[in-house]
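What follows is a set of notes on a single structure, which appears directly below.
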Amino acid sequence: MVVLTSSTREQDHGTRRGAGSFFHAAAFHPIVRHFAIFAVLIGAWEIGARTGTIDPLVLPAPSAIAEAMWRLFVTQRNIWWHLLVTIGEVLAGFTAGSILGIGLAIVVGLNPMVRKLLKPYVIVLEATPRIAIGPLIIAALGFGWSSKITIVMLVCFFAPFINTLSGMLSVNEGAYELFRSLRANKWQIFTKLMLLDAMPVIMAGLRLAMASALSGALVAEFISASEGMGVLLKRYTASLNMASAFGCLLTLTALGFAIYRTMEAVGNRIVFWRHAPQMDAVSRRRQAQWQRNWGA
Amino acid sequence: MSTVQQTGATDQATFRLFSIATTLLLHLSIFAALIAMWEGVIAAGLVNEFLLPRPSRIAAAIGKLYLFDRTIYWHFAITMYEAVAGFAIGAAVGIALAVSSALNDTFRRYVAPYAIVLNVTPGLALTPIVIAWFGFGWGSKIALAAIISFFPIFVNTLAGLTQSDADRLEMFRSLGASRFQIFWKLRIPDALPVALAGLKIGMTTALIGAVVAEFAQATEGVGVLMQRYSFSLDMAAAIATLLSMSLMGLILFSIMELVDDRVVFWRRDARMAVISRKRAAAFARENPGLQTNNKHNAGGRQ
């Protein structure tokens, strides 16, 4: 995302244009233009749908989608329960999967022999489409929540596992040397060096896992379920109520965005030293605490 | 002197062969022990055989699928075809959009918000909609594979194209390289490793897309087979199918690795050596007068 959004030219673009006239600056400000383009696109889509150029069974009109969303969220309110079920499955599966992944990686990562022996299995597991185990789990554990949570767990186990492993193995040599020469014991090296060093990579793994957790839950619900966003989406599409289906899809986009931002915020909190403003805040707080305690 | 070198090399080769053999033996014996333990645990009745079939049953199911019934080949080929076709479409669109975004700042700025929205949408959520659009046949599977493999390819290619080394760019500029030259000789080679990493991810994602679309609605393909066996509670055959999917993933992944090896050869020492030897030989052939440095290498190739 950094690639897409970071553009140093964006800032001086406005000023360069704006130097000419005030009208130009206001009308052609990037955000205004973004909105204008968006409005034009939506308008063309609406007109296309109204005049019948676009088949509403393929792409329902934006107004119809808005209406469907209003119905889903406000009048009928039937989406809330399904949304809650899916979020619950995602959170439970993600928690279980990441604990399993990180825990296993710590056990394995500390032992080079085990690591070597595990390699072929990891390669096979990496190549397998992990979501494919869905029908098997549902057949084994039934149609309820437990099978969905297990599927989500298996889907998001892998990224934290791999990332924790690689993070712990790429410890800074100089820092390791320093720890050893200051006679840090194994536990100290593990908690204060390896784990901390691996933290940014682990967080990246957790972000990946969270993104795949939502997909995993949806696919599990597609395969067989009685509640959840996947079921709702499938039901609306099967009855060719495309406007409501798109409403569900937009809700999932919002959910995905919320998950993305939350994970980013949590990441900045936990790996604060990678994030300058957060780093300042934390060091200021620690300094204040130090001064309180020792009255410097 | 050459004989001494040769025996040294042979010794080294023997040693390497020996160490590979021991590692392989170790892996095999551990695998055998694990399988035996699994078999034993179920034979002792500690785990419900219904939930986790014995390895021998799974082996029998594999034999049945591949040798006696030979049902899997057709489904295997279909899923592979869907995944590869979807990947090709996703890659073509992704690379085209990435190149246009990299070449044109304005285009990138206006595409960015839509790309972000598309990225946070779980692609697999589109499954029912894609099936409603493209029908129950192959088309919908290929479409889903294309849609979900598009994004990693697009983002990685764009990242590669926009993150050229500033010093090298400076160098190109000061030597008066044209825009065209900067693009082909600097930005493309710089982008290739990252783009290929994206293509590798896209390949695995495309397989997931094809399989998930088959779960949702299909009449043929490995996903259908998997679902059929699971729901008829034939767990051994279901696990055998799952292993076939691993095999597919491995095949596709190794193809991508091979392509990676060939295309960004300068990132791999061994490939780099081979290619430079080849180029030196070609150079020596074309310029017979200039054999001072490349004589040894050219001789080695002939």
Side-chain angles (χ1 to χ4, degrees), chain A residues 1-5 7 9-10 30 33-34 37-38 57-58 116-117 119-120 123-141 211-212 214-216 218-219 222-224 229-230 233-234 236-238 240 242 245-246 248-250 252-257 259-260, chain B residues 23 26-27 30-31 50-52 101 105 108-113 115-129 131-133 155 158-159 162-163 204 207-208 211-212 215-216 222-223 226-227 229-231 233 235 238-239 241-243 245-254:
Chain A
M1 284 307 93
V2 181
V3 196
L4 287 165
T5 46
S7 159
R9 290 194 201 170
E10 180 124 6
R33 266 184 293 179
H34 275 299
I37 289 181
F38 184 68
L57 281 184
V58 174
K116 204 173 128 192
L117 293 177
K119 207 177 165 199
I123 292 174
V124 171
L125 210 65
E126 194 169 14
T128 313
R130 283 176 289 285
I131 239 166
I133 206 172
L136 203 75
I137 301 287
I138 287 181
L141 296 181
S212 55
L214 184 54
S215 297
L218 287 173
V219 171
F222 287 153
I223 295 170
S224 193
M229 287 303 287
L233 193 56
K234 204 176 162 184
Y236 282 131
T237 339
L240 288 177
M242 292 308 256
F246 271 87
C248 292
L249 195 65
L250 282 181
L252 287 172
T253 305
L255 181 60
F257 190 66
I259 286 175
Y260 176 75
Chain B
T23 322
L26 188 64
H27 277 303
I30 287 194
F31 183 68
F50 178 67
L51 291 182
L52 192 67
S101 311
D105 252 14
R108 170 156 50 122
R109 221 173 306 134
Y110 290 115
V111 160
I116 291 172
V117 167
L118 209 71
N119 186 32
V120 294
T121 311
L124 292 174
L126 281 166
T127 316
I129 293 175
I131 286 177
W133 278 350
V155 162
L158 186 57
T162 46
Q163 285 165 2
T204 7
L207 182 59
I208 292 175
V211 170
V212 167
F215 283 161
V222 189
M226 175 85 192
Q227 208 159 19
Y229 287 133
S230 295
F231 290 160
L233 296 176
M235 292 305 207
I239 290 182
T241 317
L242 189 68
L243 288 175
M245 292 188 201
S246 305
L247 181 65
M248 284 168 137
L250 276 179
I251 293 173
L252 295 176
F253 193 76
S254 349

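Residue numbering restarts at 1 for every chain, and letters A, B, ... go by the order of the sequence lines.
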Side chain to side chain contact (heavy atoms under 4.5 Å, CB included) assessment of B/Thr127 paired with A/Leu218: CA-CA 10 Å; B/Thr127 316; A/Leu218 287 173; over 6 Å; no
Partners passing side chain to side chain contact (heavy atoms under 4.5 Å, CB included) against A/Pro135 (at least two apart in sequence or in another chain): A/Ile223, B/Phe215, B/Met226, B/Gln227, B/Ser230
Those residues that, when tested against B/Leu247, pass side chain to side chain contact (heavy atoms under 4.5 Å, CB included) (two or more places apart): B/Tyr66, B/Phe76, B/Ile251
Sub-4.5 Å side-chain heavy-atom contact between A/Ile131 and B/Leu124: yes
Any B/Ile131 side-chain heavy atom under 4.5 Å of A/Thr237 side chain: no
Chain A interface, residue from B/Ile208, B/Leu242, B/Val211 that has the most non-hydrogen pairs under 4.5 Å: B/Leu242
Derivation of the side chain to side chain contact (heavy atoms under 4.5 Å, CB included) call for A/Phe257 and B/Thr121: CA-CA 8 Å; A/Phe257 190 66; B/Thr121 311; over 6 Å; no
Evaluation steps, side chain to side chain contact (heavy atoms under 4.5 Å, CB included), between A/Thr128 and B/Met248: CA-CA 8 Å; A/Thr128 313; B/Met248 284 168 137; over 6 Å; no
Shortest non-hydrogen separation from A/His34 to B/Arg109 and the atoms involved: CE1-O, 2.9 Å
Heavy-atom closest contact (B/Thr204 atom, A/Ala127 atom, distance): CG2-O, 4.2 Å
Flag side-chain contact, heavy atom, 4.5 Å: B/Phe231 against A/Ile138: yes
Leading residue by heavy atom contact count with chain A [cutoff under 4.5 Å; candidates B/Leu207, B/Ile129, B/Leu250, B/Ile30]: B/Ile129
For the student: nearest non-hydrogen atoms of A/Lys116 and B/His27, plus distance: O-CE1, 3.4 Å
Closest heavy-atom pair and its distance - B/Pro122, A/Leu252: CD-O, 3.9 Å
